[in-house]
S.K.: 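Quick one: this structure, given as structure tokens, is what I'll be asking you about.
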Amino acid sequence: MLNTYQFPEFEYVQSPEQIAGQVLRHPVVVVGAGPVGLTAALDFAARGLKVVVLDDSDTVSVGSRAVCYAKRPLEIWDRLGVADRMLDKGIGWKQGRVFFRDREVYNFDLLPEEGHKIPAFINLQQYYLEEYMVEAARSNPLIDLRWKHKVVSLHRHDDHAELAVETPDGIFRMEADWVVACDGANSDIRNMVGAEFKGQFFQDRFLIADIVMKANFPTERWFWFDPDFHRGQSALLHKQSDDVWRLDFQLGWDADPKLEKQPERIIPRVKAMIGEDVEFELEWASVYQFACRRIDDFRYGRVLFAGDAAHQVSPFGARGANTGVQDIDNLGWKLAAVIRGDAPDSLIDSYHAERAYAADDNILNSTRSTDFITPKNTASRRFRDAALALSEQFEFARPLVNSGRLSVPTPYAQSPLNTPDDAAWAGRMAPGTCAADAPVKVRGEEAWLLELLGDGFTLLSFGPVPETVSRGALTPKILVAGEDFEDSAGLVAERYDGTPGSVYLIRPDQHVAARWRQFDADKVAQAIARAMGETT
Amino acid sequence: MTLMLSPNLENPDAFYEALTDAQRDLSDEQANDMNARLVLILANQVGRLEDLREAIRLAAPAEA
């Protein structure tokens, strides 16, 4: 197989603590250096925490794996200063086509709303994404990345966890005030704490193949239901960087995973899809099956779970890595606040409340897509085919066609950290919702609203703020429209229903905590306390 | 509004005739496919999720 990518080999270094045989207590240990673990390291360090990251390999992800990265994770990476390279290297796309048998039944435009810094989606091989984050992590003095470090046992105590870690030099012990397990769907840490990981397992197999070709296919997402070249199954074609294309073939439950991974089996399938005459090389292939599952609790005392270690979804909709990164966005500021002593330990419980809610929403969406793509009986296949057949002629049937509902953030509609509205509001910025971006100007220069939000709380106000709300380390940054920035396109007021005097309290993870039609210092202070888990 | 269960068809006999006539020469397979399309077309006309759920519940076989 061909390689468009040179895998870096990260040097294993024996740690001074292992050499000295000394058991050290670390504030935060992250297990796993995939997209979620690396985001955790960068986010925690950005919030001033020292982080040790343990990973059992010594390179980035093999194979392109996760491919589509959505707007919200990119906004998080932008806050962490690593999004530019991803956006430069990634492939932007917004057009999708749906085929049924031998016909295109319709095409769609993701129609991203104008006036956002970050695009709706980019496609990028996971190894590039990890490489960029590893480089950023290595140049950060607060992050200690340790390769070929495998956690072999974990014991929980009330105020810390004890880890045994295996390296090429043997096993050593370390302690951590907090452990954040980002060790993937087959998480060892999850087994070590005895957590349950339950859900629905799908009896189907899929072949994913990355091929390199210079063909003139447009940069679009193509999805086939029951195509002539692969009858009875589905198929997907998607572009990545370096002329690498992702192909996905549904194989059915009876397929033999070993056999199907062999190039002599894959190549005829690819030719049937893209045409006999198109030249290509196979770069990577894998046969997988999937489940939609979630851990029973994201928190086991001082051990916290994020990403695939906490929830697993089908790949339709790009909800895996994208959701995992948002777990970290939610956890980072809470963990930092509790470690600094600015918030009670119970704030960490809201991590489970909010992210389990989001995981359930993702699992629901991904299960529905899977049921559409893989009908479970003749009756559901009949309805599936009816929706597809009608969609060619009638617009009404198109919303029924489900080849994956692409990842968008789940508003924390029922979060205990939200202060309920006491007035009527238009638009989508209800408490618990991720703050919308908008173009603004600062001293005549073009900028973006999300860039102006503080690392802590922010008061976004559409009128003068008469007094400051002093809350020590939690004192909100004050951002007044018309004073601190110019709402040059009017989109901030539009998206936030920002009538004169309206005020939003925005959390450190850029989610709306509370909003009022006029400023009231006491109400702001109460809402901050509530968002810090102090009152309910 | 809840699901309408009092008579609402403009001309019940004519509707029934149109439906059965359309399937007179169809195989079971073809008729089932047609019924699936028909359900989706009519569901769009109803629109409201609550009414559709109620209709699904009423149409489902009695619990075994």
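Lettering follows sequence order; numbering is per chain, from 1.
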S.K.: If you count heavy atoms of other groups shown closer than 6.0 angstrom to NZ of A/K198, is the number above 12?
M.R.: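 Not more than 12 within 6.0 Å, no.
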
S.K.: Hey, what do you get for CG (A/L388) to CZ (B/R37), rounding to the nearest 0.5 Å?
M.R.: 12.0 Å

S.K.: Check the surroundings of atom CG in B/D28: do more than 12 heavy atoms from other residues, nucleotides or ligands lie under 6.0 Å from it?
M.R.: no

S.K.: For B/L40 and A/A387, work out which heavy atoms get closest and say how close.
M.R.: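 Nearest heavy atoms, B/L40 then A/A387: CD1-N, 3.5 Å.
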
S.K.: Please determine whether the number of non-hydrogen atoms from other residues, nucleotides or ligands lying under 6.0 Å from atom CZ of A/R101 exceeds 12.
M.R.: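 Yes, because the 6.0 Å sphere around CZ of A/R101 holds more than 12 heavy atoms from other groups.
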
S.K.: So do the side chains of A/L390 and B/I41 get within less than 4.5 Å of each other, counting heavy atoms only?
M.R.: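 In short, these two side chains touch, coming nearer than 4.5 Å.
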
S.K.: Among A/A397, A/A386, A/P399, which has the most heavy-atom pairs under 4.5 Å with chain B?
M.R.: A/A386

S.K.: Taking atom CG as the centre, does B/D21 end up with more than 12 heavy-atom neighbours from other residues, nucleotides or ligands that are less than 6.0 angstrom away?
M.R.: yes

S.K.: Decide if atom CZ of A/R405 counts as having more than 12 heavy atoms of other residues, nucleotides or ligands within a radius under 6.0 Å.
M.R.: yes

S.K.: Ignoring hydrogens, what is the shortest heavy-atom contact between B/E29 and A/R382? Give both atom names and the distance.
M.R.: O-NH1, 3.5 Å

S.K.: So which of B/N44, B/L38, B/N35 has the largest heavy-atom pair count under 4.5 angstrom toward chain A?
M.R.: B/N44

